[in-house]
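See structure below.
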Amino acid sequence: GQQLNQSPQSMFIQEGEDVSMNCTSSSIFNTWLWYKQDPGEGPVLLIALYKAGELTSNGRLTAQFGITRKDSFLNISASIPSDVGIYFCAGRGSSNTGKLIFGQGTTLQVKP
Amino acid sequence: DTAVSQTPKYLVTQMGNDKSIKCEQNLGHDTMYWYKQDSKKFLKIMFSYNNKELIINETVPNRFSPKSPDKAHLNLHINSLELGDSAVYFCASSQAHANEQFFGPGTRLTVL
């Protein structure tokens with residue numbers, strides 16, 4: 001079945017630094033989504049990508065849909081303490097069922 | 001004005017018991033999902049319903065039975081609970097099979 005590899009697994013950075021994380025797939029995806037999960041809460045959608053090569057920003061967050069359609073990355077610029085949480089990539093293949101495959105998550109910690 | 005709500009937030013029960021988790025969405029979506037998040041934070045889809053019809057059933061033990069009385073509700077009933085059922089269960093919804101899924105706050109199930 002389709003699988004996503006998300007890296008890094010965790011990051012511990014200083015406030016103000018930029019962050020980059022990525023996801024790769026063994027097969028083609030038609031959609032990439034990036035979610036953030038705060039402790040004790042459900043995942044919240046950050047950015048949705050629908051076309052290969054697409055680059056989309058949401059405030060300090062920027063995500064790209066890889067040209068090969070097998071990867072995506074998320075950048076966070078000038079990190080702040082509230083960026084702490086778990087970031088998940090999710091991909092949807094050719095299935096018309098709406099099924100999303102999730103990456104393993106990247107845990108981000110920001111030191112003030 | 002909660003979008004996707006779940007009850008209860010926490011559920012502690014003994015092995016062998018039967019329990020239910022309720023989910024409601026007020027977004028007007030017609031597709032709803034149940035996900036399981038394990039202790040390693042891995043998110044995996046269990047079921048999805050579109051207009052009360054089962055669309056996705058991911059090799060989940062038949063002790064788990066989803067029920068959708070209408071398109072705004074998707075409840076999860078679990079029979080004969082086992083220790084391995086301990087996890088956080090998330091409900092989500094989307095417009096048809098659209099890619100953007102919105103998650104509830106989760107139900108933390110602990111089986112003793």
Side-chain angles (χ1 to χ4, degrees), chain A residues 1-11 21 23 29-52 54 56 58 63 65 69 72 84-109, chain B residues 2-10 21 23-25 27 29-51 53-60 71 74 87-108 110:
Chain A
Q2 291 176 313
Q3 293 184 340
L4 286 184
N5 288 315
Q6 185 172 348
S7 64
Q9 193 171 14
S10 62
M11 304 180 75
M21 59 192 80
C23 272
F29 280 93
N30 293 330
T31 302
W32 286 96
L33 305 173
W34 285 92
Y35 285 86
K36 183 193 177 197
Q37 185 178 18
D38 290 328
E41 302 292 331
V44 174
L45 183 64
L46 299 173
I47 292 179
L49 302 161
Y50 299 105
K51 294 180 183 178
E54 180 180 355
T56 297
N58 178 5
F65 192 141
R69 294 167 64 193
S72 177
V84 164
I86 304 176
Y87 292 80
F88 290 97
C89 63
R92 178 171 176 257
S94 56
S95 161
N96 63 355
T97 62
K99 179 179 176 181
L100 288 179
I101 307 295
F102 278 80
Q104 305 96 322
T106 295
T107 299
L108 178 64
Q109 293 178 290
Chain B
T2 304
V4 183
S5 59
Q6 295 178 228
T7 54
K9 176 77 171 172
Y10 300 95
I21 307 172
C23 178
E24 177 181 2
Q25 54 93 5
L27 297 167
H29 291 164
D30 50 17
T31 304
M32 297 183 71
Y33 311 80
W34 277 109
Y35 286 83
K36 180 180 181 181
Q37 186 173 47
D38 62 23
S39 58
K40 296 184 178 179
K41 305 299 183 186
F42 184 61
L43 270 165
K44 192 170 190 306
I45 185 136
M46 300 172 67
F47 301 102
S48 84
Y49 270 72
N50 176 261
N51 274 323
E53 181 184 350
L54 180 66
I55 301 297
I56 298 174
N57 184 343
E58 287 285 308
T59 59
V60 177
K71 70 176 192 178
L74 181 62
V88 181
Y89 292 84
F90 287 101
C91 177
S93 73
S94 69
Q95 186 55 41
H97 303 310
N99 302 298
E100 299 177 17
Q101 296 180 16
F102 296 85
F103 284 77
T107 296
R108 180 174 291 279
T110 303

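Below, all heavy atoms of this structure are taken into account, side chains as well, without hydrogens, waters or symmetry copies. Protein chains get the first letters and strands the later ones, always in sequence-line order, with residue 1 at the start of each.
- Residue A/Lys51 places its NZ atom among 12 or fewer non-hydrogen atoms of other residues, nucleotides or ligands, all under 6.0 Å distant.
- Using a 4.5 Å cut-off between heavy atoms, B/Lys44 does not touch chain A at all.
- Here B/Ile56 is the residue among B/Ile45, B/Val88, B/Ile56 with the most heavy-atom pairs under 4.5 Å with chain A.
- You'll find the side chain of B/Gln37 stays beyond 4.5 Å of the side chain of A/Phe102, heavy atoms only.
- Residue B/Gln6: no heavy atom, backbone or side chain, is found under 4.5 Å from chain A.
- Atoms CZ and CZ, on A/Phe88 and B/Phe42 in that order, are 9.5 Å from each other to the nearest 0.5 Å.
- With hydrogens and angles ignored, the 3.5 Å screen pairs no side-chain donor or acceptor of B/Lys40 with any backbone N or O of A/Gln104.
- What you find for B/Lys9 and A/Gly40 is that their closest heavy atoms are NZ-O, 2.6 Å.
- Options A/Gly105, A/Pro43, A/Gly42 differ in how many heavy-atom pairs under 4.5 Å they form with chain B, and the most are formed by A/Pro43.
- The two residues A/Ile86 and B/Lys41 come nearest to each other via the heavy atoms CD1-CG, 3.7 Å.
- Contact of the A/Leu100 side chain with the B/Tyr35 side chain is registered, since non-hydrogen atoms from C-beta on lie closer than 4.5 Å.
- The nearest pair of heavy atoms linking A/Gln37 to B/Phe90 is NE2-CZ, 3.2 Å.
- Within a 6.0 Å sphere centred on CD of B/Glu53, other residues, nucleotides and ligands contribute 12 heavy atoms or fewer.
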